[in-house]
Amino acid sequence: MSENSGLMLQKPQWKKKRKRHKKSILSTAKGTCFLCARLHNDFRQKYTEEHHILFGSGQRDISEAEGLKAYLCPDHHRTGPEAVHNNQDMRELVCRIAQEEYEKTHTREEWMEISRKNYLE
Ligand SMILES: [Zn+2]
Ligand SMILES: [Zn+2]
């Protein structure tokens, strides 16, 4: 028997705790800011917050269910000049990228149904 056999039998604990929510469809990960990476080529690990891309009543739940969220550093989320909650251009940039990604696996009609806005024109 190899020395690894004991490990193979152990079930990872985190699997049980996992919720049904989808992972972000954007190429973003907790600990890397989507906009730092996209705008400044900065992939360093940092504190990030979860941003729901669709907003408005009921939209947050849809964002959650569809994985339409991004991890952002506080500067890009709330506090800085490039923060999505301060800067409409930034918010729409994230929406546009999300729509592009979403439409790789869905139709335009499906996007319009959940977002009510076309960001690609
Ligand atoms: Zn950032
Ligand atoms: Zn947010």
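Counting starts at 1 for both ligands and their atoms, in listed order.
Residue Ser63 comes nearest to Leu54 through the heavy atom pair OG-N, 2.9 Å, listed as atom of the first residue, atom of the second, then distance.
Among heteroatoms of the N, O or S kind in His51, ND1 lies nearest the Zn ion (ligand 2).
Protein contacts to the Zn ion (ligand 1) involving N, O or S atoms at a distance below 2.8 Å are Cys33 SG, Cys36 SG, Cys73 SG, His76 ND1.
Side-chain N or O atoms of His106 include one that pairs as donor or acceptor with a backbone N or O of Tyr102 at under 3.5 Å.
Atom CG of Leu68 is separated from atom CH2 of Trp111 by 5.5 Å, given to the nearest 0.5 angstrom. If you take CD on Glu64 and CD on Glu66, they are separated by 11.0 Å, rounding to the nearest 0.5 Å. The NZ atom of Lys46 sits 6.0 Å away from atom SG of Cys33, with the distance rounded to the nearest 0.5 Å.
When only modelled atom types and interatomic distance are considered, Glu49 and Tyr71 share no side-chain donor-acceptor pair under 3.5 Å.
With 2.8 Å as the limit, His52 does not count as an N, O or S neighbour of the Zn ion (ligand 2).
A distance below 6.0 Å separates the ring centres of His40 and His76.
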